[in-house]
Amino acid sequence: MSLENVAAFYGPSQALFDVSFEIGEGEVIALMGRNGMGKSTTVKTICRLLPVSAGTVRFDGQDLARVPPHQAARMGLGLVPEGRRCFTNLTVTENLIAAARPGHWDMGTVSKLFPRLGERRGQSAGSLSGGEQQMLSIGRALMTNPRLLILDEATEGLAPLVRREIWAAIGVLKRETGLAILVIDKSLRELSQIADGAVILQRGATVWSGRINDLTEDVSGPYLGV
C-alpha cells in the first residue's frame with residue numbers, strides 16, 4: 001500500500017495536508033505523532049471512511065479513492081479501530097464470525113493466538129475486560145483474512161500485563177504471517193522491537209519516515225516528546 005501527497009478535510013477544515021508513506025508485504029510500519037496530528041484521520045482515509053481530497057491511496061495497484069468502504073475491506077484491509085467497538089450484546093463467537101471470510105484465520109487460529117477468546121467464546125462481549133475486548137477486536141479483524149492489518153491505538157489504556165500480551169501477539173503476526181501491519185501507537189520502546197520502519201506526522205503532514213533503527217532521540221524529540 002502507498003499514500004502519496006494525501007490531503008483530507010472534515011467539512012471545511014483541512015485535517016491532512018501532505019501524507020506520504022508505503023507499506024510492503026510483510027512489513028510492520030509504525031505511524032507516530034502527538035495527539036491530533038492526523039494519525040487516525042490517515043487511517044480513515046485508507047479505509048475509505050473519509051474522502052481523499054488530493055493525492056492518492058493505492059492498494060494492490062488500485063486507487064482506493066474510487067472504491068467504497070465495504071469493497072476496500074474485501075480487497076484485504078483489516079481495521080482494529082481505536083476504542084475497540086465490539087458488538088457488546090453479541091457473544092465472542094458471534095463477534096468473530098460477523099465479518100469472517102474464508103482463509104487461514106478462523107475460530108481455531110484466532111483462539112490459538114488469543115487463548116482467552118477460546119475460553120470465553122460463549123460470553124457476551126460486554127462482559128469481557130477491556131483487554132479481552134481488545135483481543136476480540138484484533139481477532140475480528142483477522143477473521144476477515146486481511147492482507148493489511150491496521151491497529152489504531154491497540155494498547156491504549158490497557159494494564160501492563162495485557163499490553164505485553166497484545167505486543168506478543170503482534171510479534172507472532174510479524175514472524176509467522178505475511179501480513180503487512182500498520183501500527184498507530186505512542187510507545188517507542190515496544191515499537192522499536194517490532195516495527196521495520198516508522199512514519200511521523202506533524203499537523204497533518206509526513207515530517208519524517210525511515211527505518212525504525214534510524215529514529216534517534218534527535219529525530220523523535222521534536223516531534224514525539226512532551
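What you see is a predicted model; the values in this text were computed from it and never measured. Heads up: numbering here begins at 1 and tracks the sequence.
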Donor-acceptor under 3.5 Å (N145 side chain, W105 main chain) | yes
Do you reckon V110 sits in the same ILVMFWY cluster as L136, going by side-chain contacts under 4.5 Å, direct or chained?
-> yes
State the CZ-CD distance between F87 and E94, to the nearest 0.5 angstrom.
-> 11.0 Å
Is the CD atom of Q202 crowded by more than 12 outside heavy atoms at less than 6.0 Å?
-> yes
Minimum heavy-atom separation for A198 to I212, with atom names?
-> CB-CD1, 3.7 Å
Side chains of V199 and S209: does their closest heavy-atom pair fall under 4.5 Å?
-> yes
One should read off an interatomic distance between M32 CE and I184 CD1, to the nearest 0.5 angstrom, of 11.0 Å
Backbone N/O of S129 and side chain of E132: donor-acceptor pair under 3.5 Å = yes
Minimum side-chain heavy-atom gap D185-W167 below 4.5 Å = yes
Quick one: do E25 and R147 make a salt bridge, cutoff under 4.0 Å?
-> no
Same apolar cluster (I L V M F W Y, side chains within < 4.5 Å links), M135/I170 = yes
Indicate yes or no for a side-chain donor-acceptor contact from S111 to the backbone of G108 under 3.5 Å, with no hydrogens or angles considered.
-> no
Which pair of heavy atoms, one from L64 and one from R48, lies closest together, and at what distance?
-> O-NE, 2.6 Å
Is the shortest heavy-atom distance from the side chain of E153 to the side chain of K186 under 4.5 Å?
-> yes
Any link between I29 and L188 through a network of hydrophobic side chains (Ile, Leu, Val, Met, Phe, Trp, Tyr) touching at under 4.5 Å?
-> no
Considering all heavy atoms, the nearest V67-D63 contact | CG2-O, 3.8 Å
R74 versus R101, closest heavy-atom pair with distance = O-NH1, 2.9 Å
Is any side-chain heavy atom of T91 closer than 4.5 Å to a side-chain heavy atom of Q123?
-> no
Measure the spacing between OG1 of T56 and CD of Q62 and express it to the nearest 0.5 Å.
-> 13.0 Å
Between Q133 and L128 the two heavy atoms that sit nearest each other are NE2-O, 3.6 Å
Output, in order, the C-alpha distance, side-chain angles, deciding distance and verdict of side-chain contact (heavy atoms from CB on, under 4.5 Å) for V6 and T42.
-> CA-CA 9 Å; V6 170; T42 299; over 6 Å; no
Which one of T144, I46, I150 satisfies the side chain to side chain contact (heavy atoms under 4.5 Å, CB included) criterion with L79?
-> I150
Flag, side chain of N5 to backbone of A54, donor-acceptor distance under 3.5 Å | no
Are L3 and V28 linked, directly or through other ILVMFWY residues, by side chains that come within less than 4.5 angstrom of each other?
-> no
Between the side chain of K39 and the main-chain N/O of I200, is any donor-acceptor distance below 3.5 Å?
-> no
Between the side chain of D106 and the main-chain N/O of T109, is any donor-acceptor distance below 3.5 Å?
-> yes
Above 12 or not: heavy atoms from other molecules or residues under 6.0 Å from CZ of F9?
-> yes
Heavy-atom pair of closest approach, residues L182 and L148 = N-CD1, 4.2 Å
Minimum side-chain heavy-atom gap T177-L149 below 4.5 Å | no
Separation between CD1 of I166 and CD1 of I138, rounded to the nearest 0.5 Å | 4.0 Å
What distance do R140 atom CZ and R85 atom CZ have between them, rounded to the nearest 0.5 Å?
-> 9.5 Å
Output, in order, the C-alpha distance, side-chain angles, deciding distance and verdict of side-chain contact (heavy atoms from CB on, under 4.5 Å) for L50 and Y10.
-> CA-CA 8 Å; L50 189 68; Y10 289 109; 3.9 Å; yes
Same cluster (ILVMFWY, side-chain, under 4.5 Å), V80 and L191 | yes
How far does OG1 of T93 sit from CE of M107, to the nearest 0.5 angstrom?
-> 4.0 Å
Candidate pair W208 and L224, rule side-chain contact (heavy atoms from CB on, under 4.5 Å), full reasoning = CA-CA 11 Å; W208 187 90; L224 304 177; over 6 Å; no
Please test L201 against V19 for side-chain contact (heavy atoms from CB on, under 4.5 Å), starting from the C-alpha separation and ending with a verdict.
-> CA-CA 8 Å; L201 300 186; V19 176; 4.1 Å; yes
